[in-house]
Amino acid sequence: MFSRIRSRWVIFAHDVAWVPVSVTLAYWLRFNLGAFPPKFIEEYFCFLVIAIPVHAFTFWLFGCYRGIWRFASIPDFLRLAAAVGVGVLVTVLALFMTIRLVDVPRSAIVLYPLLLLAGVGGARVVYRAIRDHGIRPAADMRPRALVLGAGRAGEMLVRDLLRHGPFHPVALLDDDRLKHGKELHGVRVRGRIDDLPQLVRSYDVSIVLIAMPSAGREVMDRIVRLCTDVRVEFRTLPTLQELSHGKADSSQLRPVTVEDLLGRDPIDLDCGRIADFLANRVVTVTGGGGSIGSELCRQIAAHGPRTLLVIDNSEFNLYRIEMELKNRFAGVNVVAVIGDVRDAALMQRLFARHQPSVVFHAAAYKHVPILEENPCQGVLNNVAGTKVIADVAVEAGVERFVLVSTDKTVNPTSVMGATKRVAEIYCQNLGRRTATRFITTRFGNVLGSCGSAIPLFEEQIRSGGPVTVTDPEVTRYFMTTQEAVGLILQATVIGSGGEIFVMDMGKPILIRELVEKMIRLTGKVPQRDIEVVYTGLRPGEKLHEELFYKNENLVPTQHPKLLQASSFPVDWSALSLGLAELTRAAEDGNTILTIDRLRELVPEFATRTDWSHHARAPHLRVIQ
């Protein structure tokens, strides 16, 4: 601390010393670098006596010593300019009041502030240049880096690397031809991104650094392909949304991920409206420990609900999200409950005790092949469980009930899709009969969610392959968990009840191409270093997913990424009877009858799975 105080006084003394120097230089220039005429000497000393204390005071008043010389920036120079300007005005006014500016050269009054600002400001510039470029790791001792992007992010990254970064930037590449030949902090823009292979060889580059936070899917894919072809390591700065405080430095460099390659446009949410809706409410999330449920908890907690009731039947998942929420959102009352949504008595007690006004129902079985082998459990969880929690919500007077659904409900070919479709139908028709507003949100695959294909592909790639893909032409819609949950919350606040909100998932992704990109992310070449094997579609899987039925009359909403599909009513008595029969068949373990009952409720349910080998599950008997 003493050294900092001492350093501040040294800088202050330096600046004050420049006052007489600048006044003397101004006089000297006025008299053509010659001696001062005798009649100006007395006023010259009067000038110094007034200017020195005045400028000392204004330098301190304007906080010119809060900054650090090594990091001197535009705000620091603006403070210096303001201090000099005010000091000049006060000095000239004082000279006028004392000696009426008699025998004070007017040119000296104009010159001395310019010289003073150049002296105090120039010293800072020189010091920063020396520290930034003179005291850093030797260039030949650090890996040589090629930086892609000569925009704002590239400039900040190069500046940070030159100062104290782990890499030595040797060249820049940018597709903007107007930037070619120009320099950022002495590092020249050498060409376009397509020139990367030549530059890597010419400059003996060890790593490529991507400083393009707004780069889209095509650009990132092209860069990864170029880097893989020349076998050079590559890293990237985060996206615009991820950049902390908009600043880019070497500490934020990270490996390129599959999310970067998908390159979806950022989603703008009406965060103010979402926050106003959730603040100080009691909110319930079922399946709160799962992929979607846990992210729902995070984003909801960030908006300050009075109580967040988290329900999950997995002890470990519940423990993990509870600890995270309590650590990150200390002001939110988090209530974590182990429970099954099929337990009507427990749900009734919880809702009676906490009186939630909003329920997000994310609890579901979702793994398609597993549910094809266990259709009865799929029905009991996805259908009967949804019915229980929806009925309890109505009884408790819940204001809004949001069902988290899936694109697999559209013309389902799997038990998973058919059970979720029944859940949709029940919630939509229950909403027509009650005061609770039922809202359905439907979207495709979520990147990195539990049980999704992406983690499996990553594990297969780490193991050296082969990577198994079902079909060369299979496509899927993808979005990140954060995107999906953000749109769920947006749908919640704009929905009035009864709507099916379909999320704009962009273009479907060809899984074969996605796998090839993921392999390239590891620096390997598909089919050369890692084999891709096609195994055929699994039971219940589609070649191409759909997001809505043709008769759902999709229309735009207030949000460009949300589309609204119209639901259609069914006969309530027939639906109730069909649900009861479906549930009884599932509880009885009768697979064939369960599938038949599912088909009755969802006539478009078309499956290729053969359940003939499933015998009726025997009842367990207690031996006396």
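Figure legend: Arg281 and Phe277 shown as a cation-pi pair, the cationic atom lying under 6.0 angstrom from the six-membered ring centre and within 45 degrees of its axis. Annotation: cation-pi geometry satisfied between Arg100 and Phe96 (NZ/CZ under 6.0 angstrom from ring centroid, within 45° of ring axis).
Between Asp174 and Arg190, none of the side-chain N atoms (NZ, or NE/NH1/NH2) sits under 4.0 Å from a carboxylate O, so this pair counts as no salt bridge. Ion pairing between a basic and an acidic side chain is recognised when a charged N comes within 4.0 Å of a carboxylate O; Lys517 and Glu513 show no such pairing. A salt bridge links Asp194 with Arg222: the closest approach of a Lys/Arg side-chain nitrogen to an acidic carboxylate oxygen falls below 4.0 angstrom. Salt bridge present: Asp229 and Arg520 bring a charged side-chain N and a carboxylate O closer than 4.0 Å.
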**Message:** Using side chain to side chain contact (heavy atoms under 4.5 Å, CB included), reason through Phe234 and Val256 one step at a time and then give a plain yes or no.
**Reply:** CA-CA 8 Å; Phe234 51 94; Val256 178; 3.6 Å; yes
**Message:** Assess the residue pair Leu489 and Leu278 against the criterion (side chain to side chain contact (heavy atoms under 4.5 Å, CB included)); give the C-alpha distance rounded to whole Å, side-chain angles, the decisive distance to 0.1 Å, and a yes or no.
**Reply:** CA-CA 9 Å; Leu489 296 180; Leu278 293 173; 4.3 Å; yes
**Derivation of the side chain to side chain contact (heavy atoms under 4.5 Å, CB included) call for Ile509 and Arg476** = CA-CA 5 Å; Ile509 305 298; Arg476 291 291 181 267; 5.8 Å; no
**Request:** Carefully, step by step, assess Leu562 and Ile494 under the rule side chain to side chain contact (heavy atoms under 4.5 Å, CB included).
**Result:** CA-CA 10 Å; Leu562 283 175; Ile494 68 176; 3.9 Å; yes
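Between the side chain of Arg144 and the backbone N or O of Val170 there is no donor-acceptor pair closer than 3.5 Å. Between the side chain of Gln527 and the backbone N or O of Val532 there is at least one donor-acceptor pair closer than 3.5 Å. Judged by distance alone, with hydrogens and angles left aside, the side-chain atoms of Asp195 form no donor-acceptor pair with the main-chain N or O of Gly191 at under 3.5 Å. Proximity of a side-chain donor or acceptor of Thr557 to a complementary backbone N or O of His559 within less than 3.5 Å is detected. Formation of a donor-acceptor pair under 3.5 Å by the Asn32 side chain with backbone atoms of Gly34 is not found in this model. For the pair Thr58 (side chain) and Ala83 (backbone), a donor-acceptor distance under 3.5 Å is present. For the pair Asn327 (side chain) and Met323 (backbone), a donor-acceptor distance under 3.5 Å is present.
Side-chain contact between Pro255 and Leu521 is absent, with no heavy-atom pair separated by less than 4.5 Å. With a 4.5 Å cut-off on side-chain heavy atoms, Phe501 and Leu487 do not count as touching. Here the side chains of Ile511 and Val515 are in contact, with some heavy-atom distance below 4.5 Å. No side-chain heavy atom of Phe167 sits under 4.5 Å from any side-chain heavy atom of Arg142. Using a 4.5 Å heavy-atom threshold, the side chains of Met220 and Met212 count as separate. Side-chain contact between Val310 and Glu322 is absent, with no heavy-atom pair separated by less than 4.5 Å. The shortest distance between side-chain heavy atoms of Val19 and Leu116 falls below 4.5 Å. Within the 4.5 Å cutoff, no side-chain heavy atoms of Leu173 are placed close to those of Arg192.
Dense packing is recorded around CD of Glu183, with more than 12 heavy atoms of other residues, nucleotides or ligands lying under 6.0 Å away. Residue Phe57 places its CZ atom among 12 or fewer non-hydrogen atoms of other residues, nucleotides or ligands, all under 6.0 Å distant. Surrounding CZ of Arg177 are at most 12 heavy atoms belonging to other residues, nucleotides or ligands under 6.0 Å away.
Ile292 and Ala484 get closest at one heavy-atom pair: CD1-CB, 4.3 Å. Considering every non-hydrogen atom in both Ile207 and Arg235, the closest pair reads CD1-NE, 3.7 Å. The minimum heavy-atom distance between Gln482 and Gln299, with the atom names listed, is O-NE2, 3.3 Å. The two residues Val147 and Val158 make their nearest non-hydrogen contact at CG2-CG2, 4.2 Å. Looking at every heavy atom in both residues, Pro169 comes nearest to Leu161 through CD-CB, 3.8 Å. Counting all heavy atoms, side chain and backbone alike, Gly121 lies closest to Leu80 at CA-CD1, 4.1 Å.
Among the candidates Tyr27, Trp28, Phe45, Phe31, the single residue satisfying the ring pair (Phe, Tyr, Trp, His ring centres under 6.0 Å) test with Phe40 is Phe31. When Leu196, Thr236, Leu209, Leu226 are each tested for a side-chain contact (heavy atoms from CB on, under 4.5 Å) with Leu148, only one passes: Leu196. Considering Val283, Asn280, Val332 in turn, Asn280 is the only one that fulfils the side-chain contact (heavy atoms from CB on, under 4.5 Å) rule with Arg306.
Rounding to the nearest 0.5 angstrom, the gap separating the CD1 atom in Ile223 from the OG1 atom in Thr228 is 11.5 Å. Remark: Gln490 CD to Gln558 CD distance equals 8.0 Å, nearest 0.5 Å. Taking CG of Leu237 as the start and CG of Leu157 as the end, the distance is 5.0 Å to the nearest 0.5 Å. Remark: Glu324 CD to Phe329 CZ distance equals 7.5 Å, nearest 0.5 Å. Atoms CG and OG, from Leu29 and Ser107 in turn, are 8.5 Å apart once rounded to the nearest 0.5 Å. To the nearest 0.5 Å, the span separating CG on Leu146 from CG on Asp204 amounts to 12.0 Å.
Between Tyr112 and Phe47, the ring centre distance stays below 6.0 Å.
For Tyr44 and Thr24, the side-chain atoms include at least one donor-acceptor pair closer than 3.5 Å.
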